[in-house]
Amino acid sequence: MVALLLAAGTSSRLGEPKQLVRLNGETLLLRTVRLSFDSCEQVHVVIGHVSPDLQNEMAHIQTLFPSVYFHACPDWAAGMGTSLAFGLKQIRQSDVCVFLCDLPFIRLEHLQQLQKALQDHLNQAIVSRFQGQASPPVIIPQVLQPQFYDWSGDRGLGAYWKQHPEACYFVDFDTEYRDLDTPEDKEYWTGL
C-alpha cells in the first residue's frame, strides 16, 4: 500500500502553516510521514506553496526518510479535490491510503485496522469513522481511483462517501475526532 499525504493547504483558519506546527518535538508533517511509513511501503506528499521554513522541513524529512516523494501541485490553491486528483495520478499503481497532516489523534492501530478491513472489502473505499465523524485516513483501492482523477476545487473525500455509501466500508473507532484547524485547536493539542 502507498500513502498519499495531502499537505498543500493554506491553513487560513489557523493563521500559520499547520504542516509546521510542532507537537511533542516534531512537526505535524514529519509526524504524519513517520506514521505513514509505519504502515505503508511508499509515501507521497502533495505540497503547494513552499515557504523557506517548509523547504527546510522537507529537506529534514528527506534526511530521515530518503524514499519520501514530494510532489508540488501546480493548482494547489484550487482546493483539496485538485490536490487529491493530482496526487492519485502521481501513483496509479497501488491501493492508496489518503492522509491529512492535521489529524494528530491518528495512531498506528487505526491504520492497521483499516488495512485489515481492506482484506475483506477489496473493491470498496475503507473510511475511518471517529465517534461517528467520517474522516481520513481513507484507503482508496486501485480499482476506484480513476473516479477521482477529474476531481477539482475544494471537493473533499466526504463528497464521495456521501454520494456513494455503497462503495464504502466504514471502520468505527471510539477515538474522539479533533483536528487542528484553528488557534483553539492548536492550544488544545500543544497543551496535552
Side-chain angles (χ1 to χ4, degrees), residues 1-9 11 13 18-19 23 28-29 31-46 79-182 185 188-189 192:
M1 182 173 313
V2 173
L4 175 61
L5 171 54
L6 303 179
S11 310
R13 287 187 289 164
K18 65 177 74 173
Q19 302 92 326
L23 296 180
L28 287 176
L29 182 59
R31 179 193 184 279
T32 309
V33 167
R34 179 181 48 76
L35 184 64
S36 300
F37 270 115
D38 285 345
S39 61
C40 297
E41 300 150 11
Q42 288 183 12
V43 176
H44 295 257
V45 182
V46 175
M80 184 185 294
T82 301
S83 295
L84 174 65
F86 174 81
L88 288 173
K89 289 178 197 173
Q90 304 309 303
I91 300 170
R92 294 185 193 231
Q93 64 185 6
S94 176
D95 298 335
V96 173
C97 187
V98 179
F99 290 83
L100 305 176
C101 70
D102 66 347
L103 305 175
F105 58 87
I106 301 296
R107 302 282 179 257
L108 181 58
E109 298 79 31
H110 297 131
L111 304 175
Q112 290 169 336
Q113 288 185 45
L114 295 177
Q115 288 176 327
K116 184 177 177 187
L118 181 63
Q119 294 171 6
D120 296 325
H121 305 275
L122 292 174
N123 295 321
Q124 289 182 283
I126 308 300
V127 181
S128 303
R129 196 160 45 194
F130 302 96
Q131 293 185 357
Q133 172 70 46
S135 166
V138 173
I139 298 176
I140 304 175
Q142 189 172 8
V143 68
L144 295 181
Q145 291 170 28
Q147 296 179 41
F148 297 92
Y149 290 164
D150 64 349
W151 277 34
S152 61
D154 205 25
R155 188 175 181 191
L157 282 165
Y160 184 78
W161 58 70
K162 289 175 186 168
Q163 293 172 358
H164 305 284
E166 75 290 346
C168 301
Y169 180 79
F170 294 87
V171 180
D172 289 300
F173 299 105
D174 290 334
T175 307
E176 178 186 5
Y177 178 90
R178 178 143 190 182
D179 58 4
L180 200 156
D181 273 347
T182 66
D185 295 329
Y188 171 84
W189 283 108
L192 291 180

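Heavy-atom basis, side chains included; hydrogens, waters and symmetry copies ignored. Note that this is a predicted model, so its numbers are computed, not measured.
- Note that CG of Leu4 is 6.5 Å distant from CG of Leu84, once rounded to the nearest 0.5 Å.
- For the pair Ser83 (side chain) and Leu6 (backbone), a donor-acceptor distance under 3.5 Å is absent.
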Can Thr175 and His110 be said to form a side chain to side chain donor-acceptor pair (under 3.5 Å), step by step? CA-CA 9 Å; Thr175 307; His110 297 131; 3.0 Å; yes

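- Here the side chains of Leu114 and Ser128 are in contact, with some heavy-atom distance below 4.5 Å.
- Looking at Gln133, its side chain never comes within 3.5 Å of a backbone N or O of Arg129 through a donor-acceptor pair.
- A donor-acceptor contact shorter than 3.5 Å links the side chain of Lys89 to the backbone of Tyr149.
- Between the side chain of Asp185 and the main chain of Thr182, a donor-acceptor pair closer than 3.5 Å is present.
- Going from atom CG of Asp102 over to atom NZ of Lys18 covers 4.0 Å, rounded to the nearest 0.5 Å.
- The side-chain heavy atoms of Cys168 and Trp161, taken from C-beta on, include a pair separated by under 4.5 Å.
- The backbone N or O of Ser39 sits less than 3.5 Å from a side-chain atom of Gln115, completing a donor-acceptor pair.
- Residues Asp95 and Val2 have side chains not in contact (no heavy-atom distance under 4.5 Å, counting atoms from C-beta outward).
- Side chain of Trp189 to backbone of Asp179: a donor-acceptor contact under 3.5 angstrom is found.
- Taking 4.5 Å as the limit, every side-chain heavy atom of Leu103 sits out of range of all side-chain heavy atoms of Leu180.
- Between the side chain of Arg31 and the backbone N or O of Leu23 there is no donor-acceptor pair closer than 3.5 Å.
- Annotation for Gly79 and Asp154: closest pair CA-OD1, 3.7 Å, computed over non-hydrogen atoms.
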Determine, step by step, whether Gln42 and His44 satisfy the side chain to side chain donor-acceptor pair (under 3.5 Å) criterion, reporting the C-alpha distance in whole Å, the side-chain angles of both residues, the deciding distance to 0.1 Å, and the verdict. CA-CA 7 Å; Gln42 288 183 12; His44 295 257; 2.9 Å; yes

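- Closest heavy-atom contact between Pro136 and Ile106: O-CD1, 4.3 Å.
- Using a distance-only test at 3.5 Å, with no hydrogens or angles considered, a donor-acceptor pair links the side chain of Thr82 to the main chain of Gly153.
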Would Tyr160 and Gln147 count as a side chain to side chain contact (heavy atoms under 4.5 Å, CB included) if you check the C-alpha gap in whole Å, the side-chain angles of each, and the deciding distance to 0.1 Å? CA-CA 10 Å; Tyr160 184 78; Gln147 296 179 41; 3.2 Å; yes

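- Taking 4.5 Å as the limit, some side-chain heavy atom of Leu5 sits within range of a side-chain heavy atom of Val33.
- Atoms CZ and CG, on Arg13 and Asp181 in that order, are 4.0 Å from each other to the nearest 0.5 Å.
- At least one side-chain heavy atom of Ile126 sits under 4.5 Å from a side-chain heavy atom of His121.
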Please evaluate residues Phe173 and Glu109 with respect to the criterion side chain to side chain contact (heavy atoms under 4.5 Å, CB included), reporting the C-alpha separation (whole Å), side-chain torsions for both, the decisive distance (0.1 Å), and the verdict. CA-CA 10 Å; Phe173 299 105; Glu109 298 79 31; over 6 Å; no

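- The structure places CD of Gln142 at 12.0 Å from CG of Leu122, a figure rounded to the nearest 0.5 Å.
- Ring geometry for Tyr177 against Phe105 counts as perpendicular: the plane angle is over 60°, on a 0 to 90° scale with 30° as the lower cut.
- With a 4.5 Å cut-off on side-chain heavy atoms, Pro137 and Leu111 count as touching.
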Evaluate side chain to side chain contact (heavy atoms under 4.5 Å, CB included) for Val127 paired with Tyr169, printing each intermediate quantity in order. CA-CA 6 Å; Val127 181; Tyr169 180 79; over 6 Å; no

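- Between Cys101 atom SG and Gln19 atom CD the span is 5.0 Å, to the nearest 0.5 Å.
- A donor and an acceptor atom, one from each side chain of Glu166 and Gln124, are nowhere located under 3.5 Å apart.
- Scanning for ring pair (Phe, Tyr, Trp, His ring centres under 6.0 Å) contacts around Tyr188 gives an empty result, with sequence neighbours left out.
- Of all heavy-atom pairs between Val43 and Ser36, the closest is CG2-CB, 3.6 Å.
- Gln131 places a side-chain N or O within 3.5 Å of a backbone atom of Asp174 that can act as its donor or acceptor partner.
- Taking SG of Cys40 as the reference point, atom CD1 of Ile139 lies at 7.5 Å (rounded to 0.5 Å).
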With side chain to side chain contact (heavy atoms under 4.5 Å, CB included) as the test, would you mind laying out the steps for Met80 and Leu100 before giving the verdict? CA-CA 10 Å; Met80 184 185 294; Leu100 305 176; 4.0 Å; yes

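- Here the shortest heavy-atom pairing between Gln163 and Pro165 reads C-CD, 3.4 Å.
- Between Trp151 and Leu88 the shortest side-chain heavy-atom distance does not fall below 4.5 Å.
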